[in-house]
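Throughout, residue positions are numbered sequentially from 1 according to the sequence presented. What you see is a predicted model; the values in this text were computed from it and never measured.
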Amino acid sequence: MKTRNLIWSMLMVVFYGCSQQDFLENENKANLTDETQWASEGNADIFLNDCYSEIPLKWNFAENLDYYSDDYNISHYYTASNWRQGICLVPGESTTNEWGGTHGPTYGYTWASFFTKIRKLNTFIQKVTENRANFSEDYANQRIDEARFLRAFFYSEYFMHVGGLPIITEPLDRNTMSQEELQRPRATFEETFLFITNELEQVVNNGFLAVKYGKSDPDAGRATLGAALALKGWIELFAASPLFNTAAPYLPDPGRVVHFGNHDPTRWAVAAATNRQFIERFGAAGPYGLFGDLPNLWREANEYNEEVIWDRQVVANVPGLGSNYERRGGPTYVLGEYMTWGNYNPTQELVDQFSMANGLPISAPGSGYDPQNPYVNREKRFYDFIVYDGAPYKLDWMPEEDIIYTRIDLTHPNPDRSNQIDLAGNTDIGDSGYYQKKKLNPDAPPGDDMSGQNYVFYRYAEVLLNYAEAQNEAFGPDQSVYDAINQVRQRSDLSALQPGLSQTQMREVIHRERRVELCFEDKRYFDNKRLAQGPETMGKPRHNMVIRNTVPSNNSGTWVYNVEVERKYTVRFEPKQYMSPIPQNVIDQNPKITQNPGY
């Protein structure tokens with residue numbers, strides 16, 4: 001059980017409204033007034049910790065963001081399945097419905113919940129500023145910058161889904177403000193981008209926050225300089241990418257809420273410089289770096305290791321604070337028992353991106369890839385991340401090893417109690433021929449709130465990949481680009497890249513490394529979006545690995561590996577799907593809010 005102060009303060013928030021008795025004449029924190037709330041650092045922290053609790057616990061969402069990408073083959077009953085058929089409509093009101101909805105991805109954010117988060121943070125900043133005499137200088141400086149980071153983080157998360165947002169930096173008050181003051185228009189894409197990055201830059205330049213916290217630090221889980229600089233570098237890369245860094249938007253956008261309105265190649269250089277600053281300032285000299293044991297990076301015992309930059313704390317076996325991630329994915333049947341919903345099913349497209357052990361792509365001459373023996377001599381990350389047909393499967397909570405078979409085996413006595421695919425999505429058994437192993441907690445069996453692994457938003461490998469991409473786009477594949485990519489590759493026992501790559505060749509390498517290294521971390525959806533690859537990646541069907549025996553009656557023949565197109569539905573991608581729609585009631589209540597293009 002974690003004992004860090006932030007976790008227990010968040011637990012206090014959970015029970016904030018409970019009836020409590022004073023003990024030894026201590027102030028009852030459940031009955032704080034506006035006056036007492038800001039009378040001491042401890043009381044003010046209760047308010048800020050509630051703001052931290054607003055960070056979505058993404059482990060527990062029924063659908064994760066990778067469902068909206070070409071990395072997963074998903075079941076038919078999710079909102080993502082409608083989205084992948086080109087169905088994305090304006091919702092009547094804010095919703096996070098994950099079951100058959102038609103509103104597209106928001107991943108824990110709605111218009112209403114987003115501005116609730118922002119209002120809380122604006123209130124905290126205002127009240128601490130007004131009552132600064134009640135706090136030490138160090139406390140006020142640190143906590144205000146924590147709040148500014150959280151505000152920029154929440155803006156960045158929703159900005160990536162909907163584009164330009166109203167920039168609100170003070171609590172709105174209908175009792176004192178006019179309708180004109182209350183009804184704010186959407187800022188442009190550029191204005192929102194600059195608000196986020198300027199806030200983060202000021203936090204970094206102020207230097208009031210710690211660079212990084214370790215697991216034993218009482219402030220572990222709070223914002224850091226590392227988190228602020230890494231987020232700034234990512235948002236700059238996101239915005240410099242082709243979908244937004246253009247004068248020709250994907251659909252008419254007269255308000256410029258989803259694009260800059262011009263193409264500026266120096267935006268890549270800005271992103272490269274920020275990520276280089278992180279590497280040189282916080283990476284080369286510490287405390288950040290690559291964690292040596294990638295498959296165990298997320299394990300609870302390894303939290304706050306050198307690779308973790310920004311995460312959300314999770315506490316096992318505490319309702320509302322534990323993780324349910326393992327309940328929904330991994331092999332459906334383990335040791336003959338139904339264990340998971342079987343949802344995390346990697347596509348053949350993703351599996352094909354994993355290199356051979358010699359470092360070559362499977363399509364490269366001399367790679368040694370055999371389509372009828374496809375799981376031999378693959379790179380280390382393949383075995384660490386993917387459960388394939390015939391894979392040995394042993395997590396620490398399991399009493400013994402299992403072998404997972406996804407082949408169609410007509411001799412199996414009860415196919416519906418095995419992991420063999422049914423191709424039509426009729427059961428919880430996955431259809432792609434693969435399951436996910438990466439990020440599953442090896443210490444906790446599937447169950448409600450049983451896992452305590454923190455949810456990691458950003459890690460050092462991503463900074464290296466962000467830098468390599470931005471630097472390559474701005475200046476071509478110089479040695480620093482090779483160095484960044486090779487660090488990621490060599491951690492997984494892959495050879496260094498051959499010199500002499502062109503900018504285009506290096507771009508392909510970087511995109512492949514991103515897809516493999518960051519798979520199942522909610523990154524692929526944003527990469528498809530920002531690179532304007534929707535029609536190419538989401539407008540085409542995914543594929544499954546279907547393995548059948550040439551003598552199905554008794555399996556005495558040869559097992560044949562066939563890559564077959566998914567059957568559940570016909571996929572389609574409409575350009576409007578690059579951004580999610582604004583709820584209709586938002587526009588009805590505030591006519592200054594414009595809808596996103598295409599809706």
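- The six-membered or imidazole ring of F244 lies near that of F238, with a centre-to-centre distance under 6.0 Å.
- In this structure, K117 is positioned above the aromatic face of F154, its NZ or CZ under 6.0 Å from the six-membered ring centre and within 45° of the axis.
- With sequence neighbours excluded, the residues forming a side chain to side chain donor-acceptor pair (under 3.5 Å) with R572 are E574, listed by chain and number.
- Every ring pair (Phe, Tyr, Trp, His ring centres under 6.0 Å) that F193 has, sequence neighbours left out, goes to F260.
- To the nearest 0.5 Å, atoms CE (M545) and CD (Q348) are separated by 4.0 Å.
- With respect to Y78, the ring pair (Phe, Tyr, Trp, His ring centres under 6.0 Å) criterion is satisfied by exactly one of W341, Y67, W83: Y67.
- Salt-bridge annotation for E236 and K232: present, with a side-chain N of the basic residue lying under 4.0 Å from a carboxylate O of the acidic one.
- Between E63 and R328 there is no salt bridge, since none of the side-chain N atoms of the basic residue sits less than 4.0 Å from a carboxylate O of the acidic one.
- Salt-bridge check for K437 with D384: failed, with every basic side-chain N at 4.0 Å or more from each acidic carboxylate O.
- In this structure, Y107 has its ring center no closer than 6.0 Å to that of Y525.
- When the salt bridge (charged side-chain N to carboxylate O under 4.0 Å, His left out) test is applied to E98, no partner is found at least two apart in sequence or on another chain.
- Atom NZ of K540 has 12 or fewer neighbouring heavy atoms from other residues, nucleotides or ligands inside a 6.0 Å radius.
- Every ring pair (Phe, Tyr, Trp, His ring centres under 6.0 Å) that Y455 has, sequence neighbours left out, goes to W59, F457.
- Residues R327 and N343 have side chains that never bring a donor and an acceptor to within less than 3.5 angstrom of each other.
- Two rings, from Y72 and Y434, have their centers 6.0 Å or more apart.
- Under the side-chain hydrogen bond (donor to acceptor under 3.5 Å, both in side chains) criterion, the residue pairs touching residues 154-166 are K58-E157, Y109-E157, with sequence neighbours excluded.
- For P171, the side chain to side chain contact (heavy atoms under 4.5 Å, CB included) partners are R119, N122, T123, Q126, not counting sequence neighbours.
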